[in-house]
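Shown next, in structure tokens, is the structure this report addresses.
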2 protein chains.
Amino acid sequence: MKQVFEKFEIEMRRGVMQLAVICLLDNEKYGYEIIKNLNESGLKVEEGTLYPLLRRLEGDELLTSRWETGGPRPRKYYVITDLGIEIRMSWLNTFKTLIDTVKQLESNIQDKGALNNAQ
Amino acid sequence: MKQVFEKFEIEMRRGVMQLAVICLLDNEKYGYEIIKNLNESGLKVEEGTLYPLLRRLEGDELLTSRWETGGPRPRKYYVITDLGIEIRMSWLNTFKTLIDTVKQLESNIQDKGALNNAQ
DNA sequence: CACTATACTGTGTGACACAATGCATATAAA
DNA sequence: TTTATATGCATTGTGTCACACAGTATAGTG
């Protein structure tokens, strides 16, 4: 049985992950590189999570991919499509709306904290 | 087959929902009331989503409940516990960190938009 | 009678975590 | 030099969990 806290983190990441990936892929990158990038950004992600996500986003035509076999190891490069750019903008808007909603809700609680004090 | 956009909204809501609920329950409320509140806040939630969520949060001892049978229809009131208050604070911090990560990623893309321009 | 208020349950789907597999290269140890 | 270990890179499979949606149920209200 997972801890309450971990479960929340997982659920939260789950939504943010696609957004993060599609933001990163403004420039062409390959999967393994993305994992490193995101982990450095503090966004933990497993291979078994990212690779299927990439394929899913490609299936939705938000990304395209190409194989690079010239180098030492074959790499699959992904990059955002025009449709992806459009969708990304609407996702960012959705995200922003959610942030505002939570900020609003948080401003009504007693022990105001993280969101409003910081920044 | 759901639209790409809807799928994202669902995933995003999924994480935010518990946070929103636990913020709302600073004051005692019953389920149906919470649904109305959240829908007014622009956070769509189905009964089949909220009621199980409430029970789950209660199972994790972040909420407690009591039945109010005096009124016309029986209502189950929920309110946050001390543990819930603690956890809520850490969830808010997690949420804030994720926001920062996305903002960071967004600031590197070409068509900067929603998050940084607004507010 | 239809509608609202209030709560619950059940089924399908989708995505994640985790773990394992596979293979190639680079590095370290023997 | 041969062997062993680690790293780069991607895939697949299993279990779990939470949501959406659609029901069920009951008691009031218009």
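Chain letters run A, B, ... following the sequence lines, proteins first and then strands; every chain starts at 1. Fair warning: this is a prediction, and the values are worked out from it, not measured in the lab.
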Inset, instruction - Check whether any side-chain heavy atom of A:Tyr77 lies under 4.5 Å from a side-chain heavy atom of A:Thr64, and answer yes or no. - result: no

Which of the following nucleotides, [options], is nearest to the side chain of [X]?
{"X": "A:Arg56", "options": "C:dA15, D:dC9, C:dT6", "value": "C:dA15"}
{"X": "B:Arg14", "options": "C:dT9, D:dA10, C:dG14", "value": "C:dG14"}
{"X": "B:Trp67", "options": "C:dC16, D:dC9, C:dA7", "value": "C:dA7"}
{"X": "A:Tyr30", "options": "D:dC19, D:dC9, C:dT6", "value": "D:dC9"}
{"X": "A:Thr49", "options": "C:dA17, C:dA7, C:dG14", "value": "C:dA17"}
{"X": "A:Lys7", "options": "D:dA18, C:dA7, C:dC8", "value": "D:dA18"}
{"X": "B:Lys36", "options": "C:dA17, C:dA5, D:dA18", "value": "C:dA5"}

Whole angstrom is fine here: how far is it from [atom1] in [X] over to [atom2] in [N]?
{"X": "B:Phe5", "N": "C:dG14", "atom1": "CZ", "atom2": "P", "answer": "18 Å"}
{"X": "B:Glu68", "N": "C:dA5", "atom1": "CD", "atom2": "P", "answer": "18 Å"}
{"X": "A:Ile35", "N": "D:dT7", "atom1": "CD1", "atom2": "C1'", "answer": "13 Å"}
{"X": "B:Met17", "N": "D:dC19", "atom1": "CE", "atom2": "P", "answer": "8 Å"}
{"X": "A:Arg55", "N": "D:dT11", "atom1": "CZ", "atom2": "C1'", "answer": "6 Å"}

Legend entry - CG on B:Asp60 to CZ on A:Phe8, rounded to 0.5 Å: 13.0 Å

Legend entry - Nearest-0.5 Å distance, CD of residue A:Gln104 to CG of residue B:Leu43: 12.5 Å

Legend entry - Base C:dA17 paired with A:Glu46 side chain (donor-acceptor, <3.5 Å): no

So, OP1 or OP2 of [N]: does either fall under 4.0 Å of a side-chain N or O from [X]?
{"X": "B:Arg73", "N": "D:dT29", "value": "no"}
{"X": "A:Tyr32", "N": "D:dG8", "value": "yes"}
{"X": "A:Lys76", "N": "D:dT11", "value": "yes"}
{"X": "B:Tyr51", "N": "C:dA7", "value": "yes"}

Legend entry - 5' precedence on DNA chain D between A:Glu33 and B:Leu53 (nearest-nucleotide basis): A:Glu33

Inset, instruction - Quick one: closest heavy-atom pair of A:Val21 and A:Leu53, and the distance? - result: CG2-CD2, 3.9 Å

Using a 4.0 Å heavy-atom cut-off, does [X] contact any base of the nucleic acid, only the sugar-phosphate backbone, or nothing at all?
{"X": "A:Arg75", "value": "sugar-phosphate"}
{"X": "A:Glu11", "value": "sugar-phosphate"}
{"X": "B:Gly48", "value": "base"}

Inset, instruction - Determine, stepwise, if the pair B:Val79 / B:Leu63 fulfils side-chain contact (heavy atoms from CB on, under 4.5 Å). - result: CA-CA 5 Å; B:Val79 72; B:Leu63 306 178; over 6 Å; no

